[in-house]
Amino acid sequence: MQQLTSVVGILCLATLLTACQDESAQKVQTSAAPASPQNVKAVPLAAPQTTDIYHAEVEAPTLPPLNTSPDYISFITPLSGEFTASPPQTRQTRLSDEYWLNVSGAELSGGIDLPISQASSVIRIAPRGDTSSGGLIKADAIAPETISLSLASANTGKHEARSWVKSMADAQALASAGLSDDSSALTLRADAKPGKYRLRVNQPLAAQARYLVNVKEKHSPYQLKLGAPMSIEAEAGRIGLDISLSQGQQGLAPRARLIQAGGESLELAVQQQGEAWQVVLTEPLPAAKNNADLSEIQVDIQTEVDGRPLLRSVKTAFKAYVNSAKLLPQADSRWQGELPTGVDFGLELVTEGRFGLSAVLTGTNSQGKSVAILRSQAAAWVTPDAPRLRLELDPALIAASGLRAPFELRELTLTDQGQMARLSYQDHGLILE
Amino acid sequence: MTIYNKLLLLGLFAVSPLSQGATGIAFIHGTGKQTNALDDYWTSEFVDSVRQGISSPANYSVINCDFDQYMWEEAAAGCLVNQLTTFIDAKGIDSLIMLTHSNGGNIVRWVLSNPTWDSRYPKVIAATSRVIALAPSSAGTPLADAVNQGNSFETSLGWLLGYNSNAVKQQQVSSMSYYNGTWLNGTANRPALSKPFEVVVGSDVDSAVWDSDSYCAGYQYQVALETTQNWLDDCSDGFLECSSQGAAGTVWFTDKQLTQGQEPLSHQQSRRACFNLDSLIRNHI
């Protein structure tokens with residue numbers, strides 16, 4: 001009997017352990033928790049800091065939203081350990097040791113000059129599309145064996161007859177490796193000298209056909225660097241760019257081009273201010289054509305290094321968006337006894353849409369340090385008539401953590417799932433106590 | 001062992017979560033629209049070998065979706081969670097192992113990172129125990145940039161010409177940097193993924209005509225991948241740089257550390273039964 005009692009006892013213990021495991025798993029809700037007898041306390045949001053992301057003005061997006069789901073979804077992930085915030089990356093840097101030229105079939109037939117500064121460089125020629133005649137005309141792929149390449153003598157300017165090509169790859173071969181745009185490529189020999197090469201295609205080409213010539217100079221010491229924002233709000237007046245060329249800073253005259261999501265392209269005026277560069281926008285950015293694509297900034301330079309011409313192109317992507325909502329400065333926190341169960345946020349918005357919130361809830365340990373308890377995420381279709389979004393908290397997880405008030409919502413982030421854009425970020429969101 | 005102890009163990013097992021469900025494995029392909037990924041992407045040799053590593057090898061699913069689309073689209077992530085949910089329900093799976101290749105890793109990271117995007121996602125996340133990502137394109141590839149480069153017409157309508165799908169656009173290096181910084185978890189200075197994301201990295205391409213290892217998964221692919229390595233770092237599988245493959249999650253191993261004969265895995269070979277890759281995964285799960 002004693003043994004049976006022990007077995008039953010262990011079964012009960014195991015059942016409890018199972019319950020505990022369930023509590024430590026992610027918790028999902030597909031509707032906001034119903035009102036229950038809880039204390040509601042108004043709580044102010046912390047003032048945005050300079051390192052936060054925040055826009056004061058709210059505008060109506062004009063493009064169809066990517067996500068139109070009406071569902072309220074709440075998702076809680078348990079966390080543990082001392083909390084250190086990870087501020088969002090707002091800029092990115094790209095390096096380039098290559099350049100791109102857009103040329104015509106006639107130019108390729110007549111021959112084009114290609115400055116090359118590095119041995120073992122690769123030249124790729126990709127047929128592109130043309131709609132100038134009203135219909136779509138796709139250029140023919142180029143057989144690499146019909147390409148001739150010669151180097152102009154530094155002394156006489158005459159082109160040497162010697163072959164500088166180590167290997168060739170045709171369109172079929174490159175497609176099998178992921179370059180599926182009908183391009184073909186030549187790889188230069190390891191003893192190919194820097195200089196101005198002349199490339200000519202000896203197969204019949206339509207004069208108006210469009211081609212992209214891509215010269216990749218792997219391991220070149222001349223790297224063009226472009227740093228730019230990862231997100232640009234529609235009303236931004238200027239775009240700060242970080243442009244530099246390793247081992248060749250003098251005489252840079254960068255040309256910049258914006259390729260807006262959906263394809264519209266325009267030249268940007270780049271101004272130098274000290275060592276920095278910036279694009280001053282006299283008008284708002286041209287509107288994106290859709291919410292799915294990213295926009296791009298491409299920078300090209302043409303300069304000379306050690307008396308030889310050098311070309312470089314580099315591009316970077318960014319999200320163009322409008323600030324479609326912001327959090328109101330006061331929220332309502334809900335409590336069961338000493339434990340918070342959720343926070344209702346008010347939103348200022350002009351038009352309805354699907355918005356998401358996320359934050360990390362931290363508590364205070366016996367040493368007074370902030371310790372992570374959980375990450376809460378929620379999203380819903382929010383309208384101007386009912387502009388509220390609830391971020392659920394899990395009292396059981398909070399109790400199990402053993403941590404005490406003050407609790408704090410960190411990394412409070414508002415997103416627009418229709419635009420796929422992050423609208424705001426506050427490292428210190430609000431304090432719950 | 002006494003009857004008492006046996007009873008204790010039996011009792012613990014009866015209420016253990018381990019006894020209430022089953023382990024399953026899903027094979028999730030990379031970029032492209034698949035209708036028969038078993039034959040056209042993975043091969044039966046690979047799938048049948050790997051699935052022997054779980055207690056019920058019949059608990060497997062080979063996903064067929066349109067991963068030419070952006071990761072969040074219905075044809076991509078929506079299709080994936082639909083097929084996974086059907087699999088989970090049919091087999092009673094509560095411990096799902098997702099085995100991904102290339103861009104399949106990004107689709108899975110999208111689902112794991114964005115549970116509030118779609119009400120179907122949380123169930124799949126809850127059932128997932130871990131992800132094994134073979135050569136994932138977590139930080140994109142310069143080859144996607146190369147294919148996309150051109151005039152504005154190319155940027156917007158390149159798909160008309162049979163290339164430049166949204167999935168290729170998404171895998172441009174600076175695009176993935178944006179997605180990793182805002183919508184995808186698991187990279188440096190971002191929230192960790194809620195499930196383990198173990199990565200196998202391919203680090204080189206062998207295409208020597210005299211080396212029989214160059215012929216695993218097709219010699220012609222090896223030659224082409226050696227050409228495309230010119231656009232990539234010295235450490236690459238011919239399509240992805242090692243740094244991109246290891247950008248999210250934790251690296252389980254880099255090919256030569258564990259493969260038979262310390263052979264590298266090219267991007268074609270990392271989804272085939274080359275150099276014991278299948279048995280390494282089988283023994284790991």
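Basis for what follows: all heavy atoms, side chains included, without hydrogens, waters or symmetry-related copies. Letters A, B, ... are given to chains in the order of the sequence lines, protein chains preceding strands, and every chain is numbered from 1. What you see is a predicted model, and the numbers here were worked out from it, not measured in a lab.
Both the backbone and the side chain of A:Q377 come within contact range of chain B, with heavy atoms under 4.5 Å apart. Looking at A:S183, neither its backbone nor its side chain comes within 4.5 Å of chain B, counting heavy atoms on both sides. Only the side chain of A:E98 comes within contact range of chain B, judged by heavy atoms closer than 4.5 Å. Proximity to chain B (any heavy atom under 4.5 Å) is shown, for A:A126, by neither the backbone nor the side chain. Within the 4.5 angstrom heavy-atom criterion, atoms from both the backbone and the side chain of A:T316 approach chain B. Residue A:S121: no heavy atom, backbone or side chain, is found under 4.5 Å from chain B.
Ranked by heavy-atom pairs under 4.5 Å with chain B, the list A:Q417, A:K319, A:R422 is led by A:Q417.
Between the CG atom of A:D71 and the OG1 atom of B:T116 there is a distance of 11.0 Å, given to the nearest 0.5 Å.
Using a 4.5 Å heavy-atom cutoff, the side chains of A:D293 and B:Y70 are in contact. For the pair A:Q89/B:Y178, no side-chain contact is recorded, criterion being any heavy-atom separation below 4.5 Å from C-beta on. Side-chain atoms of A:F75 and B:I125, non-hydrogen and from C-beta on, do get closer than 4.5 Å to each other.
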Derivation of the side chain to side chain donor-acceptor pair (under 3.5 Å) call for B:S174 and A:E296: CA-CA 9 Å; B:S174 59; A:E296 293 176 349; 5.8 Å; no

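Among residue pairs with one or both ends in residues 232-243 of chain B, those qualifying as salt bridge (charged side-chain N to carboxylate O under 4.0 Å, His left out) are A:K218-B:D234; sequence neighbours excluded.
Using a 4.5 Å cut-off between non-hydrogen atoms, the part of residues 103-112 of chain B that approaches chain A consists of B:W110.
No donor-acceptor distance shorter than 3.5 angstrom exists from the side chain of B:R190 to the backbone of A:P88, with no hydrogens or angles considered. Remark: side-chain polar atoms of B:W231 are not paired, donor with acceptor, to backbone N or O of A:K216 under 3.5 angstrom.
Summarising the local packing, CD of A:Q172 is surrounded by 12 or fewer heavy atoms from other residues, nucleotides or ligands at distances under 6.0 Å.
Scanning all heavy atoms of the two residues, the minimum distance from A:S86 to B:N189 falls at CB-O, 3.4 Å.
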